[in-house]
Number of protein chains: 2
Amino acid sequence: MMSDAATPLLRIDTPPKTLREMVLERLRAAIISGHFKSGERLIERPLCDSLGVSRTVIREAMRYLEAEGLVEIQSNRGPVVASMDWDRAAQIYEIRRLLETNAARACAEKADARVKTDLRRALKALGAAYDAGETRPLFDASTDFYQTIFLAAGHDMAWDIVQRLNSRISRLRAMTLATTDRHVSGFARMTQIAEAICANDADAAGRAVETHLSEAAAIAHRLLA
Amino acid sequence: MMSDAATPLLRIDTPPKTLREMVLERLRAAIISGHFKSGERLIERPLCDSLGVSRTVIREAMRYLEAEGLVEIQSNRGPVVASMDWDRAAQIYEIRRLLETNAARACAEKADARVKTDLRRALKALGAAYDAGETRPLFDASTDFYQTIFLAAGHDMAWDIVQRLNSRISRLRAMTLATTDRHVSGFARMTQIAEAICANDADAAGRAVETHLSEAAAIAHRLLA
DNA sequence: TCCTGTCATACGGTATACCAACATGAGCGG
DNA sequence: CCGCTCATGTTGGTATACCGTATGACAGGA
């Protein structure tokens, strides 16, 4: 027999990306990075030209982005980059609070040596990104840190939700990260979280995430409201 | 002056639905109701024929359903109705637990007379649906009950998430509701929830939702695992 | 000046035809 | 039993056309 049906190691689950996946990623990245500002119309035909694809592909990508909440479709006017107000942002921070504290607790309970090294590595990268001071790597390192926690906790569905929510408050997150005092307190909080998890202390991990997030939400509130 | 800029009463905000919205709703309903079984391929052209629309519309609807997680796209094979295993279902129940207990608590804290009558009305409808014994009205009444709670709490984003999660475990929910002992305990739990909220007792409301959900999850686990 | 009606333009919503690439299963030969 | 080839079904993607709505410019009339 060749091998078992599910050999996980050389399985190709994403055979070369389709055009619409690439277009989707670019559009999403463009929105998240602020290249398209909120409220801006996304007109199909110009996008076709600049991306070099047909309307079909653009439109299908738009449906996906619509479902993600990154664009809103106005009737007979087409897609517009979604905007965010404080009320909804606050709801997002609240949902994140629930999901992230829960994930941190679960992670702390089941973290083994492997997870702990991953986490320390992610934290180290995060520290380097904080020192470097550029927004983009900081974004990525922060994402990686949380991803480590969520996946180690086995909460991949919650992680999907959190990522989606984060993409909708990307501007807010960028501004929050750029806040100067955040450079110190942010990393300190992340360190607390990592330490609590490495000590398998679920309560401490949950509390650390909670304070981290409430601080972030407070800064965001000051910036937006 | 004619009238203020925003005359709310005759404003048309949903000018007649577009074809793709109608198609989207029908396909979604067809998947949730089990008309398309999980794992089943959704082949474009037959769908075009049966729905009487063009491929464009079908394909765009599929992108949306993909983003919702109701269908999965296999490369070069197109959309397939997504399936659900217990691990992911458990994650969904866990996320619902967090969001629903939180919403119930918030609702209990800020419920006024208006909300309470709405809730009692929803509960009454729910009781009638339980007595009638048909699955579909029960589904709708249950949805309405929770919607009342979430919206009264001001948690509309969480509500969107919960609805999306529920659509992904619709089969499981249907089986759970059909379980006979659920007919008694389910309504009793819902009554507890409503009473706690009407008493503005956040802790009791949270606890009631928690037990309700953990019971539901246990039944689902028995059925699926 | 302030309406109001008209018109041209821009753009989304939908349909259709067409083609290339890939998947799959049947049949064929070894 | 295995591998090869080939026909067919289906998706991925493009190009094109047409209609309806939205919008802004403009002209005439109260």
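As the structure is a computational prediction, the values presented were derived from the model and not from experiment. In what follows, chains carry the letters A, B, and so on, assigned in the order in which the sequence lines appear, proteins first and then strands, with residues in each chain numbered from 1.
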What's the [atom1]-[atom2] distance between [X] and [N], to the nearest Å?
| X | N | atom1 | atom2 | answer |
| --- | --- | --- | --- | --- |
| R41(A) | dG24(D) | CZ | P | 10 Å |
| I43(B) | dT24(C) | CD1 | P | 12 Å |
| Q74(A) | dC11(C) | CD | P | 14 Å |
| L51(B) | dA15(C) | CG | C1' | 15 Å |
| D49(A) | dA15(D) | CG | P | 11 Å |
| I58(B) | dT10(D) | CD1 | C1' | 15 Å |
| E44(B) | dA15(C) | CD | P | 14 Å |
| E60(A) | dG13(C) | CD | C1' | 14 Å |

Is atom CZ of R26(B) surrounded by more than 12 heavy atoms (other residues, nucleotides or ligands) closer than 6.0 Å?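 Result for CZ/R26(B): open.
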Measure the shortest side-chain to side-chain distance between [X] and [Y] over non-hydrogen atoms and say whether it is less than 4.5 angstrom.
| X | Y | result |
| --- | --- | --- |
| I58(B) | M62(B) | yes |
| Y130(A) | L177(A) | yes |
| H212(A) | E100(A) | no |
| R105(B) | V209(B) | no |

Nearest-neighbour nucleotide for the V53(A) side chain, dA15(C), dT14(D), dG12(D) considered: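 The answer is dT14(D), which lies nearest to the side chain.
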Which of these nucleotides, dT10(D), dG12(D), dT16(C), is closest to any side-chain atom of N76(B)?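 Between dT10(D), dG12(D), dT16(C), the one nearest the side chain of N76(B) would be dG12(D).
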Looking only at side-chain N and O atoms, does [X] come under 4.0 Å of OP1 or OP2 in [N]?
| X | N | result |
| --- | --- | --- |
| R63(A) | dG13(C) | yes |
| R20(A) | dG13(D) | yes |
| R77(B) | dC22(C) | no |
| R59(B) | dG12(D) | yes |

Between R45(A) and L42(B), name the one whose nearest nucleotide on DNA chain D is closer to the 5' end.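 Final value for this comparison: L42(B).
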Return whichever of T56(B) or G78(A) has its heavy-atom-nearest nucleotide of DNA chain C closer to the 5' end.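 Result of the comparison: G78(A).
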At less than 3.5 Å, do the side-chain atoms of R55(B) and the base atoms of dG13(D) form a donor-acceptor pair?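 Flag set: donor-acceptor pair detected.
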